[in-house]
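Have a look at the structure below, then the notes.
When reading the values below, keep in mind they use all heavy atoms of this one structure, side chains included, and skip hydrogens, waters and symmetry mates. Naming: A, B, ... by sequence-line order, numbering from 1 per chain.
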Amino acid sequence: MNRPKGKRLILYCGIVVLLLVSLFPLATVLLYSFRPPEVTSPALSEWIGEATLVNYRHVLTGPKLEALLRSFLISLGTVGICLILGAPAAYGFACGFKGGTKLLGWVLSIRMLPPITALLPFFIIISKIGLNDSMVALVWLYSAFNLPLGIWIMGQFFLQIPREYEEAAMVEGCGRMRVFLSIALPLCSGGVITSAIITFIFAWNEFLFAVVLAPLRSRTLPAVLMDFLTPFGIQWGEMYASLILLILPPMFFAVVLRRYLVQGFRSLIGGGLRS
Amino acid sequence: MKTEKWVPILLVLPALGYLIVSIIYPLFFAIYVSFVSWYGVAPEIVEFVGFKNYLDVVRNPLFLIVIRNTIYFVALVVTLEFVFGFLLALMISSLRRFKSLLLGILIAPFTISPAATGYLWRALYGKRLGVINYVLGKLGISEISWLADPSIALLSLIVANAWQWAPFSMIIILAGLEALPRSPFEAAKIDGASDFQSFLHITLPLLKPVILIVLLLTTIEAFKVFDIVFICTKGGPGYVTQLVSYSIYRTGLEDFRFARAAAFSQILLIMIMGISLLYLRFVGMRE
């Protein structure tokens, strides 16, 4: 596209500005995570010479490390369940059956549910069966909440498979299950990965349920950062370092594995236009 | 051969069962709780009280304040996210190189936890030690109390939330822009239309379905906002930043009025469903 030089310049300036605005908060946190813990002043010049990794050392050798590991385990568990339950379901919906579309609509509308509405009954139920303050409870709830989205995304990918492949295999004598396992899944590995990444990010980031359902023994990373906001003031150094650790995995997925995230979003509108 | 028909349904069943037990059942349980008197986690006596809880919620003077805050919040947040998302999408789509990398970087705010956004902006907004006031100070502007001043606290949260969600709009609108056919634009150019004109009369109408989805999804998400309120202001100062989700949390898990909180949360659910239906009907969903 041939654009006059002036327009190009404005475009680039605009992008730089928007980039700065988007990244400024994150860059700030990164920078300040290297600030020595005794210093509280925001003025860079005062402490830049003494930039240190001590904050990270404190966080990674303290009790916060457990929270980090727990978050990791919980996220993996959630992904596992979502894939094991969701992939077959997605394929089933993609194959189609009587009432399938309607059912899918209902499954998807679960996303309209505000988490808080599910939280209250869940809290009561979990307390009654003795699962309060456990990682299991979180994995259970996270996977349930993320299942609809996972099914939708993987379903979109399954829908892309040309019918001929499946029909050829079935003519050769493969049952539907074989088709699913040996043809559909391998072909749609991209969709499965996308779903896995999105689910992981969701579980890793989740705050409300973590704070309410696992307040003591099983705290996750987002919840544990609340400790830094003491009534006596905020422990900035460790807070910033922990924040970077909290932000890192999702950002890693976003920047390095962005291909999958973008695919995931495309599938959101792909379906919207069709439904 | 006949059994083949059942396999798709069998494949769907486990997930369905899981969802029914994990979400549908608790939801109905919550509806039940909203119609009885329920104090504490495992009350001895539970009586049916009809709509009393709902009336209690609505008659509470705090209710109107919270609803008003929430509607104000949602309206502004959705507008900001939409406008910035659109601008970002337009800019990215006109690039030839670095598109993918830029996209990855710009998505970053969206992928981090809303809680992280809360902590982050709380640090930025600090009165004495926050970075924003520091930068303003260098420019000669005096400290602003972003989170403690009742007149701007909510706006501060709105900015933080929009910062996080604008990339979400961006990426969906971008996908929509890239799916647009070239021919109408080429025809318009031949006819002498300016860039702005073709934007107004071709791009926008063609993007209507995508715009609808973006507005709908961001609105629903805006109603659910909780983390930044909890972390930045806890609903304060006073009640100015108390949004519905946070208010329900307070009622249920700090005051332990489960029944009332359950009723409140059903009201929230109905609000969200109502708005979704309104969107779909108003803007007109084809097929």
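The two residues A:Thr220 and A:Glu206 come nearest to each other via the heavy atoms OG1-O, 4.4 Å. Contact between B:Asn53 and B:Ala259 at its shortest, heavy atoms only, is ND2-CB, 3.4 Å. B:Ala160 approaches B:Thr117 most closely through the heavy-atom pair O-CG2, 3.8 Å. The two residues A:Pro115 and A:Leu208 make their nearest non-hydrogen contact at CB-CD2, 4.2 Å. The heavy-atom pair separating B:Ala123 from A:Tyr240 by the smallest distance is CB-OH, 3.4 Å. A pairwise comparison of heavy atoms in A:Pro250 and A:Asn205 identifies CG-OD1, 3.6 Å as the closest pair.
For A:Leu257, no part sits under 4.5 Å from any heavy atom of chain B, backbone or side chain. In this structure, chain B has heavy atoms under 4.5 Å from both the backbone and the side chain of A:Ile15. Residue A:Leu243 touches chain B through its side chain alone, counting heavy-atom pairs closer than 4.5 Å. Proximity to chain A (any heavy atom under 4.5 Å) is shown, for B:Tyr249, by both the backbone and the side chain. If you measure heavy-atom distances from A:Leu221 to chain B, you find no contacts under 4.5 Å at all. For A:Phe145, the parts sitting under 4.5 Å from any heavy atom of chain B are the backbone and the side chain alike. In this structure, the portions of B:Ile105 lying under 4.5 Å from any heavy atom of chain A include both its backbone and its side chain. At a 4.5 Å heavy-atom cutoff, the contact between A:Ser143 and chain B is made by backbone and side-chain atoms alike. For A:Leu147, the part lying near chain B is the side chain, with the backbone staying farther off; criterion is any non-hydrogen pair under 4.5 Å. Using a 4.5 Å cut-off between heavy atoms, A:Ile81 touches chain B through its side chain atoms alone. Proximity to chain B (any heavy atom under 4.5 Å) is shown, for A:Ile84, by neither the backbone nor the side chain. If you measure heavy-atom distances from B:Leu16 to chain A, the contacts under 4.5 Å come from the side chain alone. Heavy atoms of B:Ser245 lying under 4.5 Å from chain A belong to its backbone as well as its side chain. Residue A:Ala223 touches chain B through its backbone alone, counting heavy-atom pairs closer than 4.5 Å. Contact annotation for A:Phe93: both backbone and side-chain heavy atoms come within less than 4.5 Å of a heavy atom of chain B. Interface remark: B:Leu102 contributes side-chain atoms only to the contact with chain A (heavy atom separation under 4.5 Å). For chain B, the nearby part of A:Tyr32 is the side chain; its heavy atoms alone come within less than 4.5 Å. Only the side chain of B:Phe110 has a heavy atom closer than 4.5 Å to any heavy atom of chain A. Heavy-atom distances place both the backbone and the side chain of B:Ser100 under 4.5 Å from chain A. Within the 4.5 angstrom heavy-atom criterion, atoms from both the backbone and the side chain of B:Tyr119 approach chain A.
Residues A:Ile244 and A:Leu30 meet the side-chain proximity criterion, which asks for heavy atoms closer than 4.5 Å. Side-chain contact between B:Leu269 and A:Leu113 is present, with heavy atoms from C-beta onward closer than 4.5 Å. Residues B:Leu253 and A:Leu120 meet the side-chain proximity criterion, which asks for heavy atoms closer than 4.5 Å. Counting only heavy atoms from C-beta outward, the side chains of B:Cys232 and B:Tyr125 never approach each other to under 4.5 Å.
Most heavy-atom pairs under 4.5 Å with chain A: of the set B:Ile92, B:Leu103, B:Ile9, this distinction falls to B:Ile9. Listed options B:Tyr134, B:Tyr25, B:Tyr32, B:Phe28 were ranked by heavy-atom pairs under 4.5 angstrom with chain A; first place goes to B:Tyr134. Comparing A:Leu141, A:Leu103, A:Leu248, A:Val256 by heavy-atom pairs within less than 4.5 Å of chain B, the highest count is held by A:Leu103. Of the listed residues (A:Thr28, A:Ile125, A:Leu225, A:Val29), the greatest number of heavy-atom pairs within a distance under 4.5 Å of chain B belongs to A:Leu225. In terms of non-hydrogen atom pairs under 4.5 Å with chain A, the most contact-rich of B:Glu221, B:Lys224, B:Met273 is B:Lys224. Annotation: maximal heavy-atom pairing with chain A below 4.5 Å, among B:Val33, B:Leu88, B:Leu174, occurs at B:Leu88. For the set A:Cys95, A:Ser22, A:Ala94, A:Ser109, the entry with the most heavy-atom pairs within less than 4.5 Å of chain B is A:Ser22. Between chain A and the options B:Ile220, B:Leu268, B:Ile107, B:Leu120, the largest number of non-hydrogen pairs under 4.5 Å is found for B:Leu120. When A:Val211, A:Ile247, A:Leu119 are compared by the number of non-hydrogen pairs under 4.5 Å with chain B, A:Ile247 comes out ahead. The candidate with the highest count of non-hydrogen atom pairs below 4.5 Å against chain A, out of B:Gly17, B:Pro14, B:Ala116, is B:Ala116. Looking only at heavy-atom pairs under 4.5 Å with chain B, the residue among A:Ile110, A:Thr117, A:Val107 that has the most is A:Thr117.
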> Are A:Phe123 and B:Trp38 close enough, and set up right, to give a ring pair (Phe, Tyr, Trp, His ring centres under 6.0 Å), and what steps lead you there?
Replying inline: CA-CA 14 Å; A:Phe123 180 68; B:Trp38 188 292; over 10 Å; no
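Atoms OH and CE, on A:Tyr12 and B:Met91 in that order, are 12.0 Å from each other to the nearest 0.5 Å.
No donor-acceptor pair under 3.5 Å is formed between the side chain of B:Ser247 and the backbone N or O of B:Val244. Without hydrogens or angle criteria, B:Ser22 side chain to A:Ala144 main chain gives no donor-acceptor distance under 3.5 Å. At distances below 3.5 Å, at least one donor-acceptor pair connects side-chain atoms of A:Trp204 with backbone N or O atoms of A:Leu246. With B:Thr251 contributing its side chain and B:Ala261 its backbone, the two residues share no donor-acceptor pair below 3.5 Å.
Atom CZ of B:Phe84 sits in a sparse spot, with 12 or fewer heavy atoms from other residues, nucleotides or ligands closer than 6.0 Å. Counting heavy-atom neighbours within 6.0 Å of B:Lys234 NZ, excluding the residue itself, gives a total above 12.
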